[in-house]
There are 2 protein chains.
Amino acid sequence: MRETLMAAARLTVQAHGYNALSFRELAQEVGIKSASVHHHFPTKGALAAALARRYTEDGVAYLSDLLARSSNPTWCMDRYVEIFRSALTNDNRMCLCGIMSAELDDLPPEVRSEIDAFTATNVEWIAKVLEFSKSKTSAQERLDRAIAIFSAIEGAQLVARGGQDISIFDRSVQAYRRAGLIP
Amino acid sequence: MRETLMAAARLTVQAHGYNALSFRELAQEVGIKSASVHHHFPTKGALAAALARRYTEDGVAYLSDLLARSSNPTWCMDRYVEIFRSALTNDNRMCLCGIMSAELDDLPPEVRSEIDAFTATNVEWIAKVLEFSKSKTSAQERLDRAIAIFSAIEGAQLVARGGQDISIFDRSVQAYRRAGLIP
DNA sequence: ACCTGAACACCGTTCAAGT
DNA sequence: ACCTGAACACCGTTCAAGT
């Protein structure tokens, strides 16, 4: 039941955000009453924090696997970009942590710290990919560029979603590449 | 009263988003009852659409003035970036249309079209700035790069807000510049 | 024209009560 | 352990009623 609730809630948050997540609707989806949801997750914040933690764990597992398979930065970044693109093709959804970043002021502290953890793991992974490139760069330069790449991809997803036009995402990423921001 | 309501509502939406905007709180802020707000704006969607339209109009006026004053692309983009940065320094707020893009599925159609209009005017302005640069590029190339710049800046704002750390914004923009994405 | 109280169906949360 | 109905203070919206 806990897993069923998380699966349904994740889809809702990626599509509508934290504020639009309703315990009543969620309960109806999985066939229990809203008061019963609180038995599995004491508050809405606890549920959202659990979602974000799982989201990060799943992401880290997938990304680690990519690193183990290849040390080609372009190939790695292609796979990375594809993760964000597939959220859009899946009913115009967004990165769970991206959409919740926009709602930051409505999030309990435990959710905010999960967002920070998600960002940190993504940036670290991108920085590792940048290490594959030949050019000599300092660790700080790689981290700065990694956070810029992460921000740029999140932004392309946000704007493409706002316009309900995936070509905005594709053209943005292509321009990032052409400028040399993304390997 | 209409202007008072819009001013208060804009600050709330830039800080908390569309879903968190409450007619009851808004009414209390300006000293009337929530039912009375509906006299000025029939629905929450109508209020949000009016906010977005005004936001775009104000933005266009400011950006046109910049173009009239200088044809230096770096100077123009510095001023442009500063607009997004100042939202963050103003109580960690976001671009009105950026935050609402994340809530897209909860927005009535009239708000969505205002978001599209905002994005279009911003992209057109950036494309004009790119024309100032010496390099020979086609109109399509400039538009693609303009949308990438817009997406990248929105993304830097989103991620910096999520981490409540303006240095994320600054480091991202600096990396965009270093890569040659932004003039 | 502008405002209001009351009602409607929603929301997250709490709690005593059931199995 | 897991679920429930009922209550609480919220929400946007509607409407008849006031000035």
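Numbers restart at 1 for each chain; the letters A, B, ... are given by sequence-line order, proteins then strands.
Distance CG (B:L26) to P (C:dC3): 12 Å, rounded to an integer number of Å. What separates NE2 of B:H39 from P of C:dC2 is a distance of 5 Å, to the nearest Å. In this structure, B:H40 places its NE2 atom 12 Å from P of C:dA1, rounding to the nearest Å. For the pair A:H16 NE2 and C:dC11 P, the computed distance is 13 Å after rounding to whole Å. The distance from atom CD of B:Q28 to atom C1' of C:dG5 is 16 Å, rounded to the nearest whole Å.
At C:dT4, one or more side-chain N or O atoms of B:S36 fall inside 4.0 Å of OP1 or OP2 (strictly under the cut-off).
Taking every heavy atom of residues 1-15 of chain B and every atom of DNA chain D, no pair lies under 4.0 Å. The stretch residues 100-109 of chain A has no heavy atom under 4.0 Å from DNA chain C, so no residue of it qualifies as close.
Residue pairs satisfying the salt bridge (charged side-chain N to carboxylate O under 4.0 Å, His left out) criterion with at least one member in residues 72-84 of chain B, sequence neighbours excluded, are listed as follows: B:D78-B:R177. The salt bridge (charged side-chain N to carboxylate O under 4.0 Å, His left out) analysis of residues 27-43 of chain A, with sequence neighbours excluded, yields no pairs. Here side-chain hydrogen bond (donor to acceptor under 3.5 Å, both in side chains) pairs that include residues 118-128 of chain B, with residues two or more places apart or in two chains, are B:Y80-B:N122. Counting only residues at least two apart or on different chains, the salt bridge (charged side-chain N to carboxylate O under 4.0 Å, His left out) pairs with a member in residues 143-157 of chain B are A:R171-B:D144. Listed by first then second residue, pairs satisfying salt bridge (charged side-chain N to carboxylate O under 4.0 Å, His left out) with a partner in residues 102-119 of chain B read B:R53-B:E114, not counting sequence neighbours.
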Compile the donor-acceptor pairs under 3.5 Å between side chains in residues 70-77 of chain A and protein atoms, sequence neighbours left out, one pair per line.
from: A:S70; atom 1: OG; to: A:N72; atom 2: N; distance (Å): 2.9
from: A:N72; atom 1: OD1; to: A:T74; atom 2: N; distance (Å): 2.9
from: A:N72; atom 1: OD1; to: A:W75; atom 2: N; distance (Å): 3.2

Donor-acceptor contacts, no H, no angles, side chain residues 58-65 of chain A, under 3.5 Å, sequence neighbours left out:
from: A:S64; atom 1: OG; to: A:V60; atom 2: O; distance (Å): 2.8
from: A:D65; atom 1: OD2; to: A:R69; atom 2: NE; distance (Å): 3.3
from: A:D65; atom 1: OD2; to: A:R69; atom 2: NH2; distance (Å): 3.0

Using a 3.5 Å cut-off and no angle test, enumerate the donor-acceptor pairs between side-chain atoms of residues 44-52 of chain B and protein atoms at least two apart in sequence or in another chain.
from: B:K44; atom 1: NZ; to: B:Y18; atom 2: O; distance (Å): 3.1
from: B:K44; atom 1: NZ; to: B:N19; atom 2: O; distance (Å): 3.4
from: B:K44; atom 1: NZ; to: B:L21; atom 2: O; distance (Å): 2.9

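B:Q14 and B:R10 share a donor-acceptor pair across their side chains, judged by distance under 3.5 Å alone.
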(message) Using the rule given for side chain to side chain contact (heavy atoms under 4.5 Å, CB included), can you reason through A:Y176 versus B:S151, listing the C-alpha separation, both sets of side-chain angles and the distance that settles it, and then say yes or no?
(response) CA-CA 10 Å; A:Y176 297 157; B:S151 296; 3.5 Å; yes

(message) If you apply the rule side chain to side chain contact (heavy atoms under 4.5 Å, CB included), what do you find for A:R24 with A:Q28, and how did you get there?
(response) CA-CA 6 Å; A:R24 280 177 170 81; A:Q28 199 169 14; over 6 Å; no

(request) Any chance you could encode DNA chain D as dot-bracket? Rule is Watson-Crick or G-U wobble with both distances under 3.5 Å; [ ] for pairs crossing earlier ones, | for another strand. (result) ||.|||||...|||||.||

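Cluster membership check: B:I166 shares its hydrophobic cluster with B:I168, using side-chain heavy-atom separations under 4.5 Å among Ile, Leu, Val, Met, Phe, Trp and Tyr.
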(request) Assign a letter to each nucleotide of nucleotides 12-19 of chain C from its 5' end: B, base within under 4.0 Å of a protein heavy atom; S, sugar-phosphate only; -, no contact. (result) BBBB----

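Considering only heavy atoms from C-beta on, A:L96 stays 4.5 Å or farther from A:T56 through its side chain.
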